[in-house]
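Structure record follows, encoded as structure tokens.
Because the structure is predicted, anything quoted here is derived from the model rather than measured. Nothing fancy with the numbering, it's 1 onward along the sequence.
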Amino acid sequence: SVSHSQITRLYSRFTSLDKGENGTLSREDFQRIPELAINPLGDRIINAFFPDGEDQVNFRGFMRTLAHFRPIEDNEKSKDQNGPEPLNSRSNKLHFAFRLYDLDKDDKISRDELLQVLRMMVGVNISDEQLGSIADRTIQEADQDGDSAISFAEFVKVLEKVDVEQKMSIRFLH
């Protein structure tokens, strides 16, 4: 549940990004967000806002995707256990992150997909060989069923120790 004042803030952020003033955002509008422009995965994060084949996103879609990045407030942790899981729950954040890697949507991260992300993250100043061995090592550490790829369950296991909350809260909304 997003508070009224947050919605108002998000809406004014949305309208300030909406250069065409037509109630929707294009990819170009997103590329003007400095935090995304400098994020190596910026393009993939931007893609996440657009349902397949769409090239515009309205305010509702904008809010739905952003909800994944909202830090979890302490009072949300004890919420109704039977209700739907909030979009910014740890498991939904992990799903969102997993999808940034899993480009072909086969529910596993292949060596090739991992390499692509690594290359974006580290830029050009590292050789393909070095990247390859980082990818191999990552997969070796994560891969439990021996298929040389990382499934969502394996991904979650690797990130068990990582503070996803902190790492995946994009602060450009505040």
Side-chain angles (χ1 to χ4, degrees), residues 1-73 76 79-80 82-121 142 147 149-156 158-159 162 164-174:
S1 54
V2 187
S3 71
H4 185 70
S5 69
Q6 277 174 313
I7 291 182
T8 315
R9 245 200 340 264
L10 280 177
Y11 190 70
S12 74
R13 185 75 210 233
F14 180 86
T15 47
S16 72
L17 290 170
D18 175 14
K19 296 296 179 226
E21 297 186 0
N22 53 5
T24 63
L25 300 182
S26 66
R27 286 167 207 271
E28 290 70 46
D29 291 330
F30 279 96
Q31 283 154 357
R32 292 195 188 87
I33 301 174
E35 293 85 346
L36 286 177
I38 60 171
N39 186 319
L41 293 181
D43 277 347
R44 295 204 178 178
I45 293 171
I46 292 171
N47 275 335
F49 282 88
F50 295 88
D52 282 340
E54 304 281 309
D55 51 6
Q56 299 288 324
V57 62
N58 62 15
F59 183 58
R60 179 176 289 153
F62 178 71
M63 282 201 36
R64 200 178 329 152
T65 302
L66 281 179
H68 290 95
F69 296 105
R70 221 161 40 87
I72 292 187
E73 314 295 341
E76 292 181 273
K79 276 267 170 61
D80 171 18
N82 309 320
E85 208 178 351
L87 282 169
N88 64 336
S89 69
R90 179 178 172 92
S91 118
N92 277 327
K93 280 192 160 102
L94 287 169
H95 264 288
F96 187 86
F98 184 79
R99 289 196 295 266
L100 294 179
Y101 289 84
D102 178 21
L103 282 189
D104 64 4
K105 301 189 169 76
D106 67 350
D107 293 324
K108 31 167 88 62
I109 300 169
S110 66
R111 179 179 191 270
D112 199 44
E113 288 170 328
L114 186 57
L115 268 175
Q116 288 186 39
V117 173
L118 287 171
R119 186 165 291 117
M120 290 176 191
M121 304 286 262
D147 65 352
I150 302 173
S151 69
F152 181 65
E154 291 165 344
F155 184 75
V156 169
V158 171
L159 289 176
V162 177
V164 177
E165 280 315 297
Q166 286 312 307
K167 301 249 183 316
M168 267 199 69
S169 297
I170 293 190
R171 299 277 171 193
F172 68 76
L173 295 176
H174 303 300

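- Under the 3.5 Å distance criterion, the side-chain polar atoms of Asn92 are matched with a main-chain donor or acceptor of Pro86.
- Between Glu113 and Ile150 there is no side-chain heavy-atom pair separated by less than 4.5 Å.
- Below 30°, between 30° and 60°, or above 60°: for Phe30 and Phe62 the angle between ring planes is between 30° and 60°, a tilted geometry.
- At a threshold of 4.5 Å between non-hydrogen side-chain atoms, the residues Lys19 and Glu28 do not count as touching.
- Nearest approach of Val57 to Phe49, heavy atoms of both residues: CG2-O, 3.5 Å.
- Taking CG of Leu100 as the reference point, atom CE of Met120 lies at 9.5 Å (rounded to 0.5 Å).
- Using a distance-only test at 3.5 Å, with no hydrogens or angles considered, no donor-acceptor pair links the side chain of Glu154 to the main chain of Lys108.
- Taking both residues in full, the closest heavy atoms of Thr65 and Ala48 are given as OG1-O, 3.8 Å, listed atom of the first, atom of the second, then distance.
- Summarising the geometry, atom OG1 belonging to Thr24 is positioned 10.5 Å from atom CD belonging to Glu54; distances are rounded to the nearest 0.5 Å.
- Using a 4.5 Å heavy-atom threshold, the side chains of Asp43 and Gln31 count as touching.
- Atoms CG and CZ, on Asp107 and Arg99 in that order, are 9.5 Å from each other to the nearest 0.5 Å.
- Contact annotation: the side chain of Ile45 never approaches that of His68 to less than 4.5 Å [non-hydrogen atoms, C-beta and beyond].
- With rounding to the nearest 0.5 angstrom, the CZ atom of Phe50 is 7.5 Å from the CD1 atom of Ile46.
- The distance from atom CG of Asn88 to atom CZ of Phe96, rounded to the nearest 0.5 Å, is 12.5 Å.
- At a threshold of 4.5 Å between non-hydrogen side-chain atoms, the residues Leu66 and Arg13 do not count as touching.
- Rounding to the nearest 0.5 angstrom, the gap separating the CG atom in Asp102 from the OG atom in Ser110 is 8.0 Å.
- Heavy-atom minimum distance, Gly23 versus Phe14: O-CZ, 3.5 Å.
- Remark: side-chain polar atoms of Asp29 are not paired, donor with acceptor, to backbone N or O of Asp18 under 3.5 angstrom.
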Dump the intermediate steps for side chain to side chain contact (heavy atoms under 4.5 Å, CB included) on Phe59 and Leu10, then the final yes or no. CA-CA 9 Å; Phe59 183 58; Leu10 280 177; 4.2 Å; yes

